[in-house]
Amino acid sequence: MSYTTNATIHTMGGTLLKLSHPSASTTTNMALSIFLPPQSSSSKVPLLIYLSGLTCSPDNCTDKGFLHRWASSHGLAVAYPDTSPRGLNLPGESDSWDFGVAASFYINATAEPFKGKYSMEDYVTKDLPDFLAREFGGKIDVANKSICGHSMGGHGALTLYLKNPGMYKSVSAWAPISNPTQCPWGQNAFKGYFGGDEEGWKKHDATELVKGWKGDLKCLVDVGTGDNFYKQGQLLPENLEAAAKETGLSGLTMRYQDGYDHSYYFISTFGEDHVKHAAKHLLSGPSL
Ligand SMILES: N[C@@H](CCC(=O)N[C@@H](CSC=O)C(=O)NCC(=O)O)C(=O)O
């Protein structure tokens with residue numbers, strides 16, 4: 001068995017596994033948590049991938065997101081990847097909380113010293129599904145998956161969905177970094193991971209990528225109006241909304257939630273809607 005089980009926790013009728021497994025893309029062991037709903041003991045269930053935000057590990061959402069009640073009732077497995085490789089000890093990777101460790105931005109870095117290691121785009125789109133199919137293929141239908149995320153993880157979910165038509169059935173995000181080439185977090189990260197070619201950064205920006213989308217977006221976004229990062233211009237959801245509108249796209253539901261902040265109180269409040277959104281696109285049968 002090519003992984004280590006660090007915890008097995010019974011919750012909401014299902015099981016939460018805290019694992020680590022080797023990744024070729026990052027050259028490290030990666031922490032990964034997986035929620036298996038009760039339905040997975042008798043048939044294969046669809047998969048929802050949750051990408052976390054800056055400073056997080058898989059534990060933030062498993063402990064405070066309260067998604068498992070809804071994943072259990074709809075019969076979805078949920079995978080929680082880590083937010084970066086860890087333990088590489090690369091120069092500069094631990095100098096600030098918004099770059100490097102726990103701040104990968106879910107891209108494949110091309111600049112040294114991150115190239116070939118901060119390859120979280122490949123980890124999430126290749127190593128993770130390969131691992132799940134190999135080790136949990138009897139319980140999870142890995143081909144039938146959706147993706148969601150929070151903040152930096154919302155940026156990851158949106159961009160991986162938009163870069164890979166057909167890979168995911170739907171996408172949703174809480175308070176996503178929606179236009180990283182135009183905000184301080186994104187500009188700082190992209191400069192460090194890609195170097196100074198600002199035109200090239202656009203290939204990793206949801207507001208730019210959405211302009212090339214064909215068809216229905218199947219996208220739900222929630223943003224709290226009391227979110228300080230939103231007020232500081234780190235998230236820029238209006239730019240994503242405007243780009244989708246100008247492109248004539250349907251299927252973007254953008255909701256501004258009065259007074260909510262950036263925290264897991266906000267995520268857990270709207271978690272039911274996000275799991276339901278994924279379930280609607282992943283499950284055939286009675287309409288949700
Ligand atoms: N350390 C920072 C705050 C970092 C922070 O708020 N991180 C968010 C994600 S921000 C965008 O990706 C988060 O999810 N934190 C984990 C949590 O459990 O809340 C500071 O001091 O300002």
Side-chain angles (χ1 to χ4, degrees), residues 16 18 31-33 35 48-68 78-86 92-107 109 114 118 120-121 123-124 147-161 171-193 201 204-207 220-240 256-257 259-271 274-275:
L16 177 67
K18 299 192 176 191
L32 170 68
S33 291
F35 174 73
L48 176 61
I49 297 173
Y50 176 92
L51 301 181
S52 303
L54 294 165
T55 72
C56 289
S57 74
D59 293 347
N60 296 71
C61 194
T62 59
D63 294 0
K64 301 191 290 187
F66 300 110
L67 302 183
H68 300 149
V78 189
Y80 301 90
D82 206 350
T83 47
S84 76
R86 294 180 194 255
E93 72 167 355
S94 301
D95 293 351
S96 59
W97 61 269
D98 55 1
F99 182 78
V101 174
S104 72
F105 277 75
Y106 305 99
I107 49 73
F114 302 100
Y118 273 66
M120 286 293 287
E121 179 171 343
Y123 172 71
V124 174
I147 193 162
C148 65
H150 169 232
S151 197
M152 175 188 74
H155 146 79
L158 290 169
T159 54
L160 297 184
Y161 177 79
V171 64
S172 76
W174 295 257
I177 302 171
S178 304
N179 195 184
T181 61
Q182 302 303 315
C183 77
W185 276 343
Q187 289 165 344
N188 179 55
F190 285 8
K191 193 168 181 192
Y193 294 134
W201 296 356
H204 311 281
D205 183 317
T207 294
L220 168 66
V221 177
D222 277 313
V223 180
T225 63
D227 180 330
N228 283 332
F229 295 132
Y230 170 54
K231 293 182 200 171
Q232 290 161 14
Q234 296 283 18
L235 308 180
L236 304 172
E238 292 88 353
N239 295 1
L240 176 66
Y256 294 90
Q257 305 290 3
Y260 282 88
D261 65 14
H262 200 71
S263 73
Y264 274 84
Y265 293 109
F266 162 63
I267 295 171
S268 55
T269 299
F270 299 103
H274 287 248
V275 174

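As the structure is a prediction and not an experimental result, all values here were calculated from the model. Counting starts at 1 for both ligands and their atoms, following the listed order.
For the pair Cys56 and ligand 1, a heavy-atom separation below 4.0 Å is found. Residue contacts with ligand 1 include Lys64, since one or more of its heavy atoms lies under 4.0 Å from the ligand.
The shortest contact between atom 22 (O) of ligand 1 and any protein heavy atom is with Trp97 CZ2, 3.9 Å. With respect to atom 8 (C) of ligand 1, the closest heavy atom belonging to the protein is Leu54 O, 3.6 Å. Looking at atom 6 (O) of ligand 1, its nearest protein heavy atom turns out to be Phe229 CE1, 3.6 Å. Considering only non-hydrogen protein atoms, atom 15 (N) of ligand 1 sits nearest to Thr55 OG1, 3.7 Å.
Of all atoms in ligand 1, listed by their number and element, those nearer than 4.0 Å to a heavy atom of Met152 are 11 (C), 12 (O). Counting atoms of ligand 1 from 1 in the listed order, those under 4.0 Å from a heavy atom of Tyr264 are 14 (O), 17 (C), 18 (O), 19 (O). Taking a cut-off of under 4.0 Å to the non-hydrogen atoms of His150, the atoms of ligand 1 that pass are 9 (C), 14 (O).
For a threshold of 3.5 Å applied to N or O pairs, the pair formed by Ser151 and ligand 1 contains at least one separation below that value. Residue contacts with ligand 1: Asn60 is placed with a nitrogen or oxygen under 3.5 Å of a nitrogen or oxygen of the ligand (distance criterion only).
Rounded to the nearest 0.5 angstrom, Gln234 CD and Asp227 CG are separated by 10.0 Å. The distance from atom OG1 of Thr62 to atom NE2 of His68, rounded to the nearest 0.5 Å, is 6.0 Å.
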For this session: Quick one: do Ile267 and His274 satisfy side chain to side chain contact (heavy atoms under 4.5 Å, CB included)? Show the steps, please.
Result: CA-CA 9 Å; Ile267 295 171; His274 287 248; over 6 Å; no
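Of the N and O atoms on the side chains of Ser52 and Asn60, not one donor lies less than 3.5 Å from an acceptor on the other residue.
Below 30°, between 30° and 60°, or above 60°: for Phe266 and Tyr260 the angle between ring planes is between 30° and 60°, a tilted geometry.
Taking every heavy atom of both residues into account, Pro81 and Tyr123 meet most closely at CB-CE2, 3.8 Å.
Remark: aromatic rings of His150 and His262 are close, center separation under 6.0 Å.
Between the Gln187 side chain and the Thr181 main chain, a donor and an acceptor come within less than 3.5 Å of each other.
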